[in-house]
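Each chain gets a letter, A, B and so on, in the order its sequence line appears, and its residues count up from 1.
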Amino acid sequence: MRWSESLINTLWQAPSEAEISSHKLMLRAGLIKKLAAGIYVFMPLGLKVLRKIENIVREEMDNSGALELLMPTLQPEQLWQESGRWNTIGKEMIKVQDRRERQFGLGPTHEEVVTDIIRKEIKSYKQLPVTLYQIQTKFRDEIRPRFGVIRAREFIMKDAYSFDQDIDGLNKNYKKMYNAYCKIFDKCALEYQIVEAESGIMGGNVSHEFMALADSGEDTIVHCPSCGYGANMEKAEIVNNEQKKANKGKEKSIEKVNTPNVKTIKQLTEFLKISPKNLVKTLIYKTNDQIVAVLIRGDREVNETKLLKLLQCVGLELANSDTIEKITGAPVGFTGPVGLKEKIKIVADNEVLNMKNFTTGANKKDAHLLNVNIERDFKIDISGDIRFITKSDQCPKCAGHIKIKKGIELGHTFKLGSKYSESMGARFIGKDGREKSIIMGCYGIGVSRIIAAVIEQNNDENGIIWPKSIAPYQVEILPVNVNDKETIQIAEKLYKKFLSEKIEVIIDDRNERPGIKFKDADLIGIPIRITIGSKKAKDNIVEIHKRDTGENKSVNVDDLLKNLTNICSFV
RNA sequence: CGGGGCGUAGCGCAGCUUGGUUUAGCGCGCCUGCCUUGGGAGCAGGAGGUCGGAGGUUCGAAUCCUCUCGCCCCGACCA
C-alpha cells in the first residue's frame, strides 16, 4: 500500500469526546470515525485490523470443529416471544417494524434464531454434537455507549452455540471453546484473566468471562494470586468469618439518640464518633412483587445481583422517598429495622448476623438507635451473602489475600443447559428411542472490542504498538526524502520485493517533511519500520527500527533483500 | 432514565457574562507558489462557517428567552 493512496488521515489532536487512550488513538490514527453515539465507521486501516482478528477467531473456531454460518440481523418478534425474552430483554433490543407493521428486533444475540435452526435440522442423536458460529454485526441499544468501540451500539461479535445430547457432551464442548478462546487471546497478544461470572439474562448456571486487564476497563474482577481463583465482582463470594471475634460481649440496652439532620453514613459516623463498621444501614428495595428492607454493614455496598438471586425475584430497584416514608414512617436517612411502620420482609447480609450493639436509624425523623441487637430487638426473615467483596476480604477458595483489578470483557461463555431448547422445543431422539431436549452452550467474543483492548495494553505516548499478529501492515518503508534519487530507488526496490514476498507493507511515499512521517509512523504503530535516509542510501544502507522496543539497526540493502522474511532477525 | 456539562471551519479552541468596531476570530490541518528534507520547519497567497435546529425578544442576536435535536461526563443498567 502506498500511503499517498491509502486514505489514512491522522489527527494531531484527539477529538474531545475521547477519554481513554485506545479511543483517542483509534481516532487519531484514523482507524475509526464516529457516525453517532456508539456507532462507528471502520476506515480502511481499521478494517484491516478487524479482519486480522476475525481471521484469528475463525481459524481457532474452525480448529475446534465449529461450523461457520451466517444468521440474519433482522429477527421476527415471534421467536423472541417463544423464548420469553421479547419482554425481559427490554429496551436493549432495537425494535423495528416492517411495512405491514410486523415487529422485528435487530439481533443483540442469536440464541433464538440458532435454536430455531437446530430444532428444524436436528432429529436424531446421530447428528449431535454440533457447534455453530458466526462473525456478525450485533445491535444493542446500550444505556450509555462509551469508550469508542468498547461499548458500542453496533459492533462485531463472534457468537457460537454448542448442541449436545447431555451434560457430559456440553462439558466437553465447553472445554473446547474455553481452550480455543485462550488461543485466540494469546494470539492477539492480550494479557487477560479468566473469571467466574453470573449468567444473567442469558440463563444457565456455569459462566466464565475472559477479561483483558486494563485500568480503563469498565468491569471489576477479583483475583487470588495464591490459588488462581478469579471472579467478577457480581459473582465473587464472601466467606464470612471476619466478625466472629468481635461478636463477644454483652448485649447493652437499646438507646435512642437525637441526630438532627444527620442523614448519611458519613455524617452519622462523624456526629456519633463511631466507625461505620458498628453501623447497620437499612435500604428499602422494591422488587416486582414486594418491598423489602435490606440490612448491611455501614461501610459495605449491596451486590444487587446476589440480592436478586437470594430473593429469587425479577426486577430490583431502590425505593423512592415516598415509598420509604410510607414504609418506615420517617424521611430518608433514618431507616432502621426496629419499629418499621409497615411490616415488610427483612433481609440481612451474613456479616450483619455476627454484629452486636450496632447503630441503626430509628424510623423517626432526626433519631437513631444505639445498641441494637438481632432477635431481641427485631427478627430477620432471610439472610445470605448480598454484599460486594472488598480487597480486605479473603479468597473464598483458599482464604488468601485477593487482588481487585479492572478489565475489559473480551469474551463470555455460558453453559445454558436446556433453557432455550425447552422453551422453543429443540429436541432429538436418543439412542434409547426417547425424545430429549438438546443441551446448549453459548460463547461470545467482542471482535471489534479486541482492537481497543489490544491498543489499551499496547501503546506509548507516541501511539499504537501493534503486535505482529494483528498489525494492519508488518513493515512500513519510510523514505525520508522522496526527492532524493538513491532514496527512492532503494525504497521502491524494497517495496516491490516485500509485495512479491506477500509481506504486508506500506510505503510512506508522501512528499512530507521527515518529522511528520516519523510521527505518523509511530502513531499507526507498524511493528517494523525501514528508514531510508539520503546519506546512508548512497552506501546502500537502510535502518531497521522496531516499534515495540525502539531498537535500531543499520543494514545493507542487498543483505536485507536476500533475507526479507527474516526481517526481524536483523534487529 | 436521574445529575452535570458542551454544541462556533476537518480537529482543538476564543468570542457569549454586559446584544452593535467582527465583513465571526485564533492554532493545527487543507489548496497554490517558493523554499526545505532524520522527529509535527519557514515565507507569501488562498479556500472553507446558514455560530446544532426552530421559534421568540429587539432597530439589531453567535451573544438574551423558550422549545427541540445532538454529543460528552458521573450514576444506575449491561453478554
Side-chain angles (χ1 to χ4, degrees), chain A residues 9-20 23-24 27-28 30 33-39 85 88-93 107-111 138-148 150-153 155 157-160 197-204 207-211 218-219 232-234 285 301-302 304-305 308 315-318 320-321 408-414 416 442-446 449 462-463 478-484 487-488 508 510-523 529 531-537 542-543 545 550 552 554:
Chain A
N9 290 318
T10 59
L11 288 175
W12 195 321
Q13 283 162 306
S16 57
E17 74 215 27
E19 280 271 304
I20 61 171
H23 189 194
K24 284 183 186 164
L27 289 166
R28 283 191 56 209
K33 303 272 180 198
K34 186 173 77 178
L35 188 64
I39 303 177
R85 289 207 294 183
T88 58
I89 202 157
K91 290 182 180 157
E92 202 176 327
M93 183 153 68
T109 176
H110 279 67
E111 282 76 19
K138 295 280 186 284
F139 294 84
R140 291 185 190 178
D141 199 359
E142 296 286 350
I143 301 170
R144 180 137 101 91
R146 237 188 306 202
F147 302 145
I150 287 184
R151 183 157 299 272
R153 294 192 293 172
F155 59 100
M157 182 173 178
K158 187 282 308 176
D159 45 326
E198 287 296 341
S199 39
I201 193 169
M202 304 297 292
S207 174
H208 289 93
E209 283 175 345
F210 293 71
M211 310 289 270
E218 290 184 280
D219 297 292
N232 69 16
M233 284 299 273
E234 284 70 40
Y285 272 94
E301 296 298 324
V302 172
E304 293 185 359
T305 309
L308 264 173
L316 188 69
E317 56 179 357
L318 280 167
N320 58 28
S321 50
I408 299 166
E409 184 183 342
L410 301 169
H412 202 153
T413 57
F414 303 84
L416 293 176
C442 77
Y443 317 88
I445 290 182
R449 184 182 275 186
N462 295 317
L478 195 157
V480 174
N481 179 0
V482 294
N483 298 316
D484 180 74
T487 299
I488 207 69
D508 192 346
R510 296 174 298 171
N511 185 15
E512 291 288 353
R513 293 183 51 85
I516 290 176
K517 303 219 273 191
F518 285 121
K519 287 287 182 194
D520 274 346
D522 287 343
L523 179 59
R529 186 181 82 207
T531 309
I532 304 154
S534 52
K535 257 190 194 167
K536 287 181 178 173
V542 297
E543 189 179 86
H545 171 85
N552 286 303
S554 292

Test salt bridge (charged side-chain N to carboxylate O under 4.0 Å, His left out) applied to [X] - qualifying residues, sequence neighbours left out:
X         : result
Glu142(A) : Arg151(A)
Lys536(A) : Glu543(A)
Asp522(A) : Arg529(A)

Under 3.5 Å on both distances, the Watson-Crick or G-U partner of [N]:
N      : result
G27(B) : C11(B)
C77(B) : none
G70(B) : C6(B)
G49(B) : none

For [X], report the nucleic acid contact type (base, sugar-phosphate, nothing); a contact means any heavy atom under 4.0 Å.
X         : result
Glu209(A) : sugar-phosphate
Glu92(A)  : base
Tyr443(A) : nothing

If you restrict it to nitrogen or oxygen atoms, what contacts under 3.5 Å exist between nucleotides 70-73 of chain B and the protein, and what is each distance?
residue	atom	partner	partner atom	Å
C71(B)	OP1	Ala37(A)	N	2.8
C71(B)	O3'	Lys34(A)	NZ	3.1
C73(B)	OP2	Arg144(A)	NH1	3.3

Any sub-3.5 Å donor-acceptor pair from Lys158(A)'s side-chain atoms to Tyr443(A)'s backbone N or O?
->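 Yes, Lys158(A) side chain to Tyr443(A) backbone: donor-acceptor pair under 3.5 Å.
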With Asn481(A) via side-chain contact (heavy atoms from CB on, under 4.5 Å) - residues at least two apart |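 With sequence neighbours excluded, Asn481(A) shows a side-chain contact (heavy atoms from CB on, under 4.5 Å) to Asn483(A), Asp484(A), given in chain and number order.
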With RNA chain B as reference, determine whether Asp219(A) or Pro15(A) sits nearer its 5' end, using the nearest nucleotide of each.
->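 Per heavy-atom nearest nucleotide, the more 5' residue is Pro15(A).
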With the sugar-phosphate defined as primed atoms, P, OP1 and OP2, and the base as all remaining atoms, what B/S/- string results for nucleotides 30-42 of chain B, 5' to 3', for protein heavy atoms under 4.0 Å?
-> ------BBBBBB-
